[in-house]
Enquirer: 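Please find one structure pasted underneath; my questions will follow.
Hydrogens, waters and symmetry mates play no part in the numbers below; they use all other heavy atoms, side chains included.
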Amino acid sequence: MRRAFTAAVCALLASNAVAHDEPAAESTATTPASEAVKLTHKFTPTTIKAPFLEQFTDDWTSRWTPSEATKKTAAGGETWSYVGKWSVEESSVYPAIEGDLGLVAKSKATHHAISAPFTKAIGLGEEPLVVQYEVKYQQGGNCGGGYIKLLEDGFQNAGREFDDKTPWTIMFGPDLTCPGTKVHFIFRHKNPKTGEYEEKHLKLPPTPSIEKTTNLYTLIVKPDNTFQVLINGDSVKTGSLLEDFNPPVNPPKEIDDPNDSKPSDWVDEAKIADPEATKPVDWDEDAPYEIPDEEATKPEGWLDDEALTIPDPEAVKPEEWDDEEDGDWVPPSVPNPKCEEAPGCGEWKRPQKVNPNYKGKWYAPMIDNPAYKGIWKPQKIANPEYFEDLTPVKSLNKIGGVGIELWTMTEDILFDNIYIGHSEEDAKALAAESFDIKRPVEADAAKASDPVPPKDDSFDDEDKSFLKDPAGFVRSKISSFVDLLKLDPILAFKSHPETGGALVLGALTLISMLAALGGVVGGGAAQKPVAAVKKAAETVKEKVAEKAPVAAAGEDEKKSSAKKRK
């Protein structure tokens with residue numbers, strides 16, 4: 001039985017390794033539920049005009065250029081390239097408008113980059129800037145960006161070299177960073193004194209809606225430095241460029257004097273032990289917290305001479321047991337049946353109770369410190385790097401185009417109906433022609449494909465997914481973790497700490513259980529299952545190492561997303 005159990009454990013670990021060595025088949029099939037929904041709308045190009053409006057019509061290749069850039073990793077040596085495939089196609093999940101095409105990031109665990117220049121650069125500060133587009137995570141949410149970058153004027157002739165270092169003015173849109181999912185709104189502001197650029201990140205960014213249906217993201221930046229973020233037409237965040245970003249646009253007028261230091265005689269202890277207090281004479285610091293309960297008596301019928309466990313009288317040494325190889329066989333232990341009816345077995349010991357005389361270690365009471373001077377702080381001096389920019393929106397560089405540059409563990413992310421201009425009304429009108437039509441159709445298709453249980457606010461989305469399909473939920477989590485582990489082990493554990501921790505804990509628990517089982521079955525048997533599991537684990541590790549790419553697609557940019565986007 002022992003050898004059969006060990007073989008089963010090895011088979012389980014090996015099957016997991018094989019399952020993740022096989023490349024995932026690219027999903028091209030249309031969702032069955034979507035076929036049941038009859039499409040009543042056909043795509044018609046909009047007549048709305050804007051500085052930039054993209055619906056990915058047949059001539060889209062004349063505007064968009066995929067990147068061919070190759071970058072070195074932070075450590076140098078290895079390189080990664082933007083090899084993620086792009087395709088313009090109809091939605092493969094819950095299609096809603098016949099003939100409606102979108103730009104799709106097709107590849108999983110790769111770098112994608114593509115850009116399109118404007119016919120004329122867009123300046124900021126004189127008119128509102130309205131940015132709006134649709135994103136559809138057709139395979140569901142995982143680790144994947146869905147944001148766009150408004151690129152600085154001047155990049156237009158370098159589309160094939162577009163990468164994470166290409167200067168941009170504004171970055172906006174959803175990002176599933178595992179953890180840290182948010183809707184980014186970041187702008188690059190130039191320090192008028194140093195000439196250096198600094199990214200300003202929106203404080204408390206909103207959370208995107210992650211599902212397999214289309215979501216609409218809108219950003220409005222007004223000349224008065226106010227902004228508004230909308231998701232699916234609903235306002236989710238408003239504020240000011242001057243007040244709601246970190247670090248703030250303007251540095252503080254005063255800073256701590258770096259040359260100031262706390263005087264050696266400064267007293268910053270507000271309380272001290274009372275020097276006049278003395279320990280009471282009757283205070284016994286050595287008295288134990290608990291003492292034997294002298295009033296307790298041994299229960300009647302207690303079996304002093306009976307052990308709690310006995311060798312299983314029905315156990316038989318397995319025929320395949322080899323004393324020389326496996327050690328002396330010892331029958332497993334079972335609970336002593338005599339103890340089940342008796343109040344207890346073995347040596348009776350008097351129970352403990354709290355010592356009424358326990359006081360613990362004596363300490364003098366604390367009193368106000370008469371020498372206390374307060375918490376020391378360095379003196380303030382004028383900030384030599386101080387400047388004041390009260391109209392940061394006018395200080396932003398002109399926008400010369402739009403780019404999508406991301407690294408993702410999720411394939412088939414669809415972008416569509418990109419509007420970049422100055423009219424809120426035109427953006428709403430475009431949404432009415434596209435998103436407003438798609439939303440109800442997709443919702444009905446999703447409901448037909450995957451009926452939603454009655455709403456229960458006591459569970460979040462992950463709880464509901466687990467309750468509906470526990471095995472599928474766990475399988476999905478482990479699959480995502482192992483896929484990312486092949487590319488970057490450190491990022492895998494940072495992105496999926498619960499999954500990684502659970503797998504490590506599970507492995508350790510399994511080894512401990514096998515060790516304990518071996519100790520029960522026989523002293524010499526304990527080492528064999530443990531060794532077998534360790535060997536199987538090493539096999540899995542070797543398979544994963546063989547699968548890992550030489551030129552990792554993950555690089556280090558996901559370890560520091562801020563560095564990636566500069």
Enquirer: Would you say the side-chain atoms of W302 pair up with the backbone N or O of G346, donor to acceptor, closer than 3.5 Å?
Expert: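 Yes, W302 side chain to G346 backbone: donor-acceptor pair under 3.5 Å.
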Enquirer: Keeping the roles fixed (side chain from K193, backbone from P384), state whether a donor-acceptor pair exists under 3.5 Å.
Expert: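 Here the side-chain-to-backbone pair exists.
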Enquirer: D389 versus V249: any side-chain heavy-atom pair under 4.5 Å?
Expert: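 Contact flag for D389/V249 side chains = yes.
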Enquirer: How far does OG1 of T410 sit from CG of D412, to the nearest 0.5 angstrom?
Expert: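 Rounded to the nearest 0.5 Å, the OG1-CG separation comes out at 9.5 Å.
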Enquirer: Can you confirm whether more than 12 heavy atoms, excluding those of E341, are under 6.0 Å from its CD atom?
Expert: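 Counting other residues, nucleotides and ligands, CD of E341 stays at 12 neighbours or fewer.
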Enquirer: After noting the C-alpha distance and the side-chain angles of N336 and T309, does the key distance pass the side-chain contact (heavy atoms from CB on, under 4.5 Å) rule?
Expert: CA-CA 5 Å; N336 188 343; T309 60; 5.9 Å; no
Enquirer: Could you tell me the separation between the CD atom of E320 and the CD atom of E325, rounded to the nearest 0.5 Å?
Expert: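 Those atoms lie 10.5 Å apart.
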Enquirer: Between R188 and E199, is a salt bridge (charged side-chain N to carboxylate O under 4.0 Å, His left out) present by the stated rule, with each step listed?
Expert: CA-CA 5 Å; R188 294 176 70 243; E199 292 182 9; 5.3 Å; no
Enquirer: Within this structure, what is the CD-CD distance for the pair Q138 and E211, rounded to the nearest 0.5 Å?
Expert: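 If I round to the nearest 0.5 Å, the distance is 13.0 Å.
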Enquirer: So do P205 and H184 actually touch side chain to side chain, heavy atoms under 4.5 Å?
Expert: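 With C-beta onward as the side chain, the pair stays apart.
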Enquirer: Set out, in order, the CA-CA distance, both residues' side-chain angles and the distance that settles salt bridge (charged side-chain N to carboxylate O under 4.0 Å, His left out) for K149 and E405, then state yes or no.
Expert: CA-CA 8 Å; K149 294 180 178 180; E405 186 274 321; 2.9 Å; yes
Enquirer: Between T181 and P208, is any pair of side-chain heavy atoms under 4.5 Å apart?
Expert: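 T181 reaches P208 side chain to side chain.
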Enquirer: Do you know the tightest heavy-atom contact between E254 and K380?
Expert: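 For E254 and K380, the tightest heavy-atom pair comes out as OE1-CB, 3.8 Å.
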Enquirer: Can you check salt bridge (charged side-chain N to carboxylate O under 4.0 Å, His left out) on K298 and D304, steps first, answer last?
Expert: CA-CA 10 Å; K298 181 169 63 175; D304 297 84; 3.1 Å; yes
Enquirer: Where do S107 and T110 come nearest, in terms of heavy atoms and distance?
Expert: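 Shortest heavy-atom contact: CB-OG1, 3.1 Å.
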Enquirer: Less than 4.5 Å apart, any side-chain heavy atom of T408 and any of I413?
Expert: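 Yes; the side chains approach each other to less than 4.5 Å.
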Enquirer: Please report the closest heavy-atom contact between C339 and E306, naming both atoms and the distance.
Expert: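 Taking every non-hydrogen atom into account, SG-CB, 4.5 Å.
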Enquirer: For D282, does the CG atom sit with more than 12 other heavy atoms under 6.0 Å from it, leaving out its own atoms?
Expert: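 Atom CG in D282 is crowded, with more than 12 foreign heavy atoms closer than 6.0 Å.
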Enquirer: What are the two closest non-hydrogen atoms of N225 and P392, and how far apart are they?
Expert: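 What the structure gives for the nearest pair is OD1-CD, 3.2 Å.
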Enquirer: Could you check whether any side-chain N or O of W348 sits under 3.5 Å from a backbone N or O of T297, counting only pairs where one atom can act as donor and the other as acceptor?
Expert: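 No; zero donor-acceptor contacts below 3.5 Å.
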Enquirer: For this output row, return yes or no: ring centroids of F172 and Y147 closer than 6.0 angstrom.
Expert: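 That pair fails the under 6.0 Å test.
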Enquirer: Within the structure provided, determine whether P247 and K200 are in side-chain contact (heavy-atom separation under 4.5 Å).
Expert: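 Counting from C-beta outward, P247 and K200 do come under 4.5 Å.
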Enquirer: Looking at every non-hydrogen atom in both residues, tell me the closest pair between K108 and E411 and how far apart they are.
Expert: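 Looking at all heavy atoms of both residues, the closest pair is CD-OE1, 3.5 Å.
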Enquirer: Between the side chain of N383 and the main-chain N/O of K253, is any donor-acceptor distance below 3.5 Å?
Expert: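 Between the backbone of K253 and the side chain of N383 there is no qualifying donor-acceptor contact (under 3.5 Å).
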Enquirer: Using ring centroids (six-membered ring only for Trp), state whether F227 and F245 fall under 6.0 Å.
Expert: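 Close enough - the centres of the two rings lie under 6.0 Å apart.
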Enquirer: Distance only, no hydrogens: is a donor on one side chain within 3.5 Å (strictly under) of an acceptor on the other, for N250 and E388?
Expert: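 No.
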Enquirer: Are more than 12 heavy atoms from other residues, nucleotides or ligands located less than 6.0 Å from atom CD of E314?
Expert: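 Not buried by this count: 12 neighbours or fewer within 6.0 Å.
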Enquirer: Looking only at side-chain N and O atoms, does T238 offer a donor or acceptor that is under 3.5 Å from a partner on Q228?
Expert: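 Judged by distance alone, the side chains do not pair up.
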Enquirer: Is the side chain of D260 donor-acceptor paired with the backbone N or O of Q379 at a distance under 3.5 Å, no angle test?
Expert: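 Here the side-chain-to-backbone pair exists.
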Enquirer: Kindly check if the number of other-residue, nucleotide or ligand heavy atoms within 6.0 Å of NZ (K359) is above 12?
Expert: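 Buried by this count: over 12 neighbours within 6.0 Å.
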Enquirer: Do N369 and E269 have side-chain N/O donor and acceptor atoms under 3.5 Å apart?
Expert: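 Note: N369 and E269 side chains miss the donor-acceptor criterion.
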Enquirer: Between G374 and D268, which heavy-atom pair has the shortest distance, and what is it?
Expert: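 What the structure gives for the nearest pair is O-CB, 3.6 Å.
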Enquirer: Could you walk me through whether K338 and C345 pass the side-chain contact (heavy atoms from CB on, under 4.5 Å) test, one step at a time?
Expert: CA-CA 8 Å; K338 295 181 180 180; C345 291; 5.5 Å; no
Enquirer: Have W321 and D323 got a donor and an acceptor in their side chains that come within less than 3.5 Å?
Expert: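 Looking only at side-chain atoms, D323 and W321 do form a donor-acceptor pair, the distance falling under 3.5 Å.
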Enquirer: Nearest 0.5 Å please: distance from the CD atom of Q352 over to the CD atom of E290.
Expert: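 CD of E290 is found 5.5 Å from CD of Q352.
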Enquirer: So does G146 get a backbone contact from the side chain of Y137, meaning a donor-acceptor N/O pair under 3.5 Å?
Expert: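 Between the backbone of G146 and the side chain of Y137 there is a qualifying donor-acceptor contact (under 3.5 Å).
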Enquirer: Could you give the distance from CD1 (I291) to OH (Y358), rounded to the nearest 0.5 Å?
Expert: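 It comes to 13.5 Å.
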Enquirer: How long is the gap from CH2 on W283 to CH2 on W362, to the nearest 0.5 Å?
Expert: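 Rounded to the nearest 0.5 Å, the CH2-CH2 separation comes to 8.5 Å.
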Enquirer: In terms of ring plane angle, is the pair H189 and F187 parallel, tilted or perpendicular, where the classes change at 30° and 60°?
Expert: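 The rings of H189 and F187 stand perpendicular, inter-plane angle above 60°.
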Enquirer: Assess whether side-chain contact (heavy atoms from CB on, under 4.5 Å) is satisfied between T194 and F387, documenting all intermediate values.
Expert: CA-CA 10 Å; T194 65; F387 64 84; over 6 Å; no
Enquirer: Would you sort out whether D256 and K377 count as a salt bridge (charged side-chain N to carboxylate O under 4.0 Å, His left out), showing the intermediate values?
Expert: CA-CA 8 Å; D256 293 339; K377 295 180 181 179; over 6 Å; no
Enquirer: With a 4.5 Å cut-off on side-chain heavy atoms, are N259 and P378 touching?
Expert: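 They are not in side-chain contact.
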Enquirer: Go through the steps to decide whether K212 and V93 satisfy the test side-chain contact (heavy atoms from CB on, under 4.5 Å), and finish with yes or no.
Expert: CA-CA 7 Å; K212 294 182 180 181; V93 180; 4.3 Å; yes
Enquirer: Taking C-beta and beyond as the side chain, do L230 and V236 meet within less than 4.5 Å on heavy atoms?
Expert: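 No, too far: nothing below the 4.5 Å cut-off.
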Enquirer: Measure the shortest side-chain to side-chain distance between V229 and P206 over non-hydrogen atoms and say whether it is less than 4.5 angstrom.
Expert: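 They are in contact (side-chain heavy atoms under 4.5 Å apart), so the answer is yes.
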